[in-house]
2 protein chains.
Amino acid sequence: MGLREKRKLERRERILAAAQELIRETGSVGLSMRALARKAEVSLATPYNLFGSKGAVLAELGLAVLKKLERKMEELRSHDPIEDLLHIAELGANTYASDPRFYRTLMAVLTASARGLHDDAISGGSVRLWQRPVEAGIRAGLLRADADSEFVARDLVITFLGVLDLWVRGVLDGEAMRTHILYAFTLALLGLSTDASRAKLLRHYRRFQRQLPREIRVVDNGLARRRARPAGEAANGGAAVAAKVRAPQAALPEGIQ
Amino acid sequence: MGLREKRKLERRERILAAAQELIRETGSVGLSMRALARKAEVSLATPYNLFGSKGAVLAELGLAVLKKLERKMEELRSHDPIEDLLHIAELGANTYASDPRFYRTLMAVLTASARGLHDDAISGGSVRLWQRPVEAGIRAGLLRADADSEFVARDLVITFLGVLDLWVRGVLDGEAMRTHILYAFTLALLGLSTDASRAKLLRHYRRFQRQLPREIRVVDNGLARRRARPAGEAANGGAAVAAKVRAPQAALPEGIQ
DNA sequence: TTCGTTTTTATAACGCGTTCAAAATAATGT
DNA sequence: ACATTATTTTGAACGCGTTATAAAAACGAA
């Protein structure tokens, strides 16, 4: 690898690291390409040369984070594949919940700028990660033999991402997110359970059902649009409180079919 | 209601109708606030006065669409609550799939501009819609008596939205989306099935499993960022093809924890 | 070292979502 | 009828992501 390539890689890493720091320091507010370029000490055009777009920068960061998490998940392996599945899910939930600011921001911005990890999540490596314990469960007689491990794994991934998305949006807090994921997993696995596993899964199911919060109260996810005064013009101390608009319900224009 | 209120409502509806037309005509490209204001024959600031933000305009449109769909869903009621659940899900999937351009665009933009329908979906009316057939199923002895209908309904909503999101992103086509939803529903219900319903649900499960596509090929969802030449400057016929950037994988900056 | 080729930089521009002071307009009191 | 007051619309402006362009810098080869 020539010097040229090395410098390029260096810049790439500097940009990724800057993105990470920026998210940690400011959340999504302040995560602008101009700020990113400044922090990485490159010009505004460089991230576009090296990644293509803002979304691509963050997708790469997100992918790296995901791979790291998946590597930790791979390590979890015991004698009981079903317990493994639940432990893997729990590890994932706990990881996200352990750093809400970072992960919520990252996930939110990945969700928004389409073509995120979702393609990969279904067609790529994530499915295979979940597929392995499912297959092991089938072999061990703990899950129905006629179940297709790939489709089951897809279903688990979709559920996981769905609940995670609610957490990102602040509809669920970390605790509720974890319990919901485990509840959903248990429910899906219960559908595939055999006599050898049903009793245990039912116990799990009842436990998670008991732990689920009945009331949903939307929490502040820190992603709301804040009035970001340019930091230079500190005069006019934020007095203007915009009146909340809540007009009478307008009728739906016809033709929705 | 004074003249003022009437005019206001008029403008609101004009804006919503304009948003709908704009989506149908141009997809997400061209769905700008300036174009919206022009089509609705109001000034750029008016939608902000009346709704608050672009996301809020589309959220209102989306909510109206959702309510309309849910009203159709409510009508589906037969003697078999489990069949009802599947039929409701199928109706939803078919409705979305029947007009991909419109619904994909609407859903994509709702997903992106946070605080969409997702709050409502979990805490609001959607859950209750699914909850009713689940309750009926429990009463009829088709689902386990110790199941909590609210949590089951939440799980179904989350799954539905998760699969729908994959369709919106183009990871699944309409057919695969419908089958995936039905597969996931069947799997969840199978976990709660009783002797009275298990055989039938198993038949469904095997059928949907057979219909699922094994290969995932990402389709064009029409939401990619297109180079939108201002329509006035037709010269310089789109020659410049930007070189695709695909650099060697950069290492993850340390400290992700 | 010198030449030729890439790549980064600096800067300006575009359209975007959003905000704000000022102008225009409807409602109200006399 | 008019003048006052409370809203609402307007038009200009901001920072954003992104692109284009020309100049400068950095590398590889001779």
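As rounded to whole Å, 14 Å separates atom C1' of dT25(C) from atom CG of N49(B). Taking atom CD1 of I15(B) as the reference point, atom P of dT8(D) lies 13 Å away to the nearest angstrom. Straight-line distance from the CG atom of L22(B) to the P atom of dG17(C): 10 Å, rounded to whole Å. Atom-to-atom, NZ of K8(B) to C1' of dT25(C) comes out at 14 Å; the value is rounded to the nearest Å. Taking atom OH of Y48(B) as the reference point, atom C1' of dG11(D) lies 14 Å away to the nearest angstrom.
Under a 3.5 Å cut-off, the side chain of K72(B) and the backbone N or O of L91(B) do not form any donor-acceptor pair. In this structure, R12(B) contributes its side chain and L50(B) its backbone to a donor-acceptor pair below 3.5 Å.
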> Where does DNA chain D pair, written as one dot-bracket string 5' to 3', with Watson-Crick or G-U pairs under 3.5 Å, ( ) inside the strand, [ ] for crossing pairs and | for another strand?
Replying inline: ||||||||||||||||||||||||||||||
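Among the nucleotides dT18(C), dT8(C), dT18(D), the one closest to the side chain of S53(B) is dT18(C). Checking dG17(C), dT9(D), dG17(D) against the side-chain heavy atoms of R11(B) singles out dT9(D) as nearest. When the nucleotides dT19(D), dA10(C), dG17(D) are ranked by their closest atom to the side chain of L44(A), dT19(D) comes out on top. In the set dT9(C), dT18(D), dA26(C), dA26(C) carries the atom at the smallest distance from any side-chain atom of R7(B). For M33(B), the side-chain atoms get nearest to dT18(C) when compared with the rest of dG17(D), dT9(D), dT18(C).
Note on S32(B): a side-chain N or O is less than 4.0 Å away from OP1 or OP2 of dC16(C).
Using a 4.0 Å heavy-atom cutoff across all strands shown, L36(B) reaches no nucleic acid atom at all. Using a 4.0 Å heavy-atom cutoff across all strands shown, S43(B) reaches at least one base atom of the nucleic acid.
The distance from the CG atom of L66(A) to the CG atom of L106(A) is 10.0 Å, given to the nearest 0.5 Å.
Nearer to the 5' terminus of DNA chain D, by closest-nucleotide assignment, is the contact made by A45(B) (compared with the other of A45(B) and K54(A)). Nucleotides of DNA chain C nearest to R34(A) and E41(A) differ in position, and the one nearer the 5' end is that of E41(A).
Using the six-membered ring where Trp is involved, Y183(B) and F151(A) have ring planes that are perpendicular, over 60° apart on the 30 and 60° scheme.
Contact check on R128(A) versus E74(A) returns no salt bridge, with no Lys/Arg side-chain nitrogen under 4.0 Å from an Asp/Glu carboxylate oxygen.
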